[in-house]
Structure formats: C-alpha cells, structure tokens
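Please read the structure below before turning to the comments.
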Amino acid sequence: MARKVIITCAVTGAIHTPSMSPALPVSPEEIIEAAVGAAEAGAAIIHLHARHADGRPDQSAKGFARFLPVIKQRTDAVLNLTTGGAPYMTVAERVKPARDFAPEVASLNMGSMNFGLFPMLGRFTEFRHDWEAQHLGNRDIVFRNSYQDIEFVLDTLAETGTRFEFECYDTSHLYNLAYFLDAGKVKAPLFVQTVFGLMGGIGAHPEDVQHMKRTADRLFGKDYVWSVLGAGRHQLPIAAMSAAMGGNIRVGLEDSLWSGPGRMAQSNAEQVTQARRILEGLGLEVATPDEARAMLALKG
Ligand SMILES: C[C@H](N)CC(=O)CC(=O)O
Ligand SMILES: [Zn+2]
C-alpha cells in the first residue's frame, strides 16, 4: 500500500507583491481560480490569505467572504485560513477571519522572529505600487508571536473545532509547541509545518531538515504529522527531501514564485503538479481531502 502524502497549496500569502509575478492571485476571482486549480491538480489543503485590490494584505472578514463561499462550493479541499496575516498586524486583527469562519484548519505561528524579505529586492526592481518596495525593503520587521499571542489564538478558536497548521520556523518553535502540548492547550495529532529558508528562521540545508525532523520526532513521537515548506528556490528540493523522509509537502506562490532555477511559476497548479510528479516518482500517492481529514483528525 503506497504511503499517502498531503499536499498543501498556499495560493497567495502576504509576502510577495503583485509586481513580482503576474501569476500571483490578488483579486477574489483570481484567488478562487488558483484555489480550485490547485485542488484539481492534487492539493488536499488550500491555505488562504486575502488581499486588497492593489495587493496589500487584507485581514478583514469581508475580504475573505469575497472568495470563501465560492471556493467551498467548487471544491471539497480542506480550507486553511491564515492567522499570520502580515507581520505588522496585531494578533487580534490576525485571528478575525478564523474566528468568524471557523475553518477546518488555521495556521498558527509558533514563535517570534526577525522577518527578512529584503533579500528579494536584489531580484525584483520594478514596482507598480510604492508600498511594494517599502514592504520588501523593511529591515525592521519582527513577526511577533509571544506565548500570550499564541494562547490568545488558541483560546479564541477553542470552541470552533478548528485545528492548526503549526508553523515552525526553527527548533525553538518546536519546543514552544511541545510546551503547549504538555499544557494540554493543543491536541494530537499535531500538524507540524516546518518552514525552511525564510530569512530569520532556519536555513534550507539538508542538515537543517534532518535537525528539525529529528527534534520533532524526539518531542512528539507518533503524535504528529510532519510537513515542510521551502521558501523561494528551496521549495521543490525541500519537498523532495520530505517525500523521501516520510513527510508531507506545502507548495504555492505564497512561499515561492518559482517553478525551477530562473523559471517563474505560471500558476499554483503548476507547483502542485511538480510536487505530485516527485511523489509519484517515489512510488507515493497524493492524499485526497478526505484522507487528509482522517490523517489530521479534522472536524470535516
Ligand atoms: C512562511 C509562510 N508565510 C507561513 C505562513 O503561511 C504564515 C501564516 O499564514 O500564518
Ligand atoms: Zn500564510
């Protein structure tokens, strides 16, 4: 029996800006087509952020209401709403969409960190909107996720039945998750999304991947479902490592605009298809949304 692998697709995010790639979904219609296309290509989970018309991150419930009902109608993929929003937002602002829509899954960032986007400025120079260069060039971003912030999200969503994609950008974040597990604030199976190659967090070297996996195995044993995301050019190499090491995969234009060295991705579905080819090349099978629901004990 081939192992089932969950592919998550993060279709737009709040990091990349519209001028960086014509494929980046911005409008509600573009986000809907990207989500449905990614699901049809094999993504069991769709991770969602909203944007204003000029592409700036929008964390209002209204912003999400413009595409959520239509996506729900057109696909049975698991929907995962961000509580990360954009690093300069307050946690009260960030948790609103998940509080209002009570999704099956919501992201939860497991620690504070410097957030370096400015390395991308070397590659992208032309911007349609002023805010884009400021956003990317900001060297003073601290993505705040204090224990109080994390607890606030957990308590706010406690009655919704929503489960979490625990974003861990470094080993300290795994220890923070272990603390909340021991404290009984989160329940197994934990969906642990280890993030590699985002400046401010752990790197994307194979030893970094092994180190995060070894640490998670020691802290959580069988009580977790491991997944990885690689930022930028690291997306597919990190996905391949995870597939070979028994893990699951996250791709999408939120995390990377590329589909190969120097080749810009034409769509989220293209990245999902590439991930799928890697899995099938290894004799693995892509998990369906319902198989992902069973693996992650989701409310359905
Ligand atoms: C590296 C990713 N941007 C992690 C993320 O997706 C955070 C969130 O939305 O809460
Ligand atoms: Zn996100």
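Atoms considered below: every heavy atom in the structure, side chains included; atoms not considered: hydrogens, waters and symmetry mates. Counting starts at 1 for both ligands and their atoms, following the listed order.
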Within the heavy-atom cut-off of under 4.0 Å, ligand 1 is lined by I15, H47, H49, T82, G84, S107, N109, E167, Y169, L198, R250, E254, D255

Does the distance from a Lys or Arg side-chain N to an Asp or Glu carboxylate O, for E285 and K4, drop under 4.0 Å?
yes

So, T194 side chain and S227 main chain: donor-acceptor pair closer than 3.5 Å or not? yes

In sequence, state the C-alpha distance, the side-chain angles, and the governing distance for M212 and D208, and then conclude on side-chain contact (heavy atoms from CB on, under 4.5 Å). CA-CA 6 Å; M212 287 285 267; D208 295 320; 5.7 Å; no

Answer key: the N, O or S atom of E254 nearest to the Zn ion (ligand 2) is OE2

Among N, O or S atoms, H49 approaches the Zn ion (ligand 2) most closely through NE2

Q) Hey, are Q193 and E165 close enough side-chain-wise for a donor-acceptor pair under 3.5 Å? A) yes

Requested in this report: On the 0 to 90° scale, with breaks at 30° and 60°, tag the F180-Y147 ring pair as parallel, tilted or perpendicular.
Outcome: tilted

Taking NZ, NE, NH1 and NH2 as the nitrogens, is one of them in E207 or R214 under 4.0 Å from a carboxylate oxygen of the other?
no

| request: In plain terms, say whether E167 and R250 are close enough for a salt bridge, that is, a side-chain N and a carboxylate O under 4.0 Å apart. | output: yes

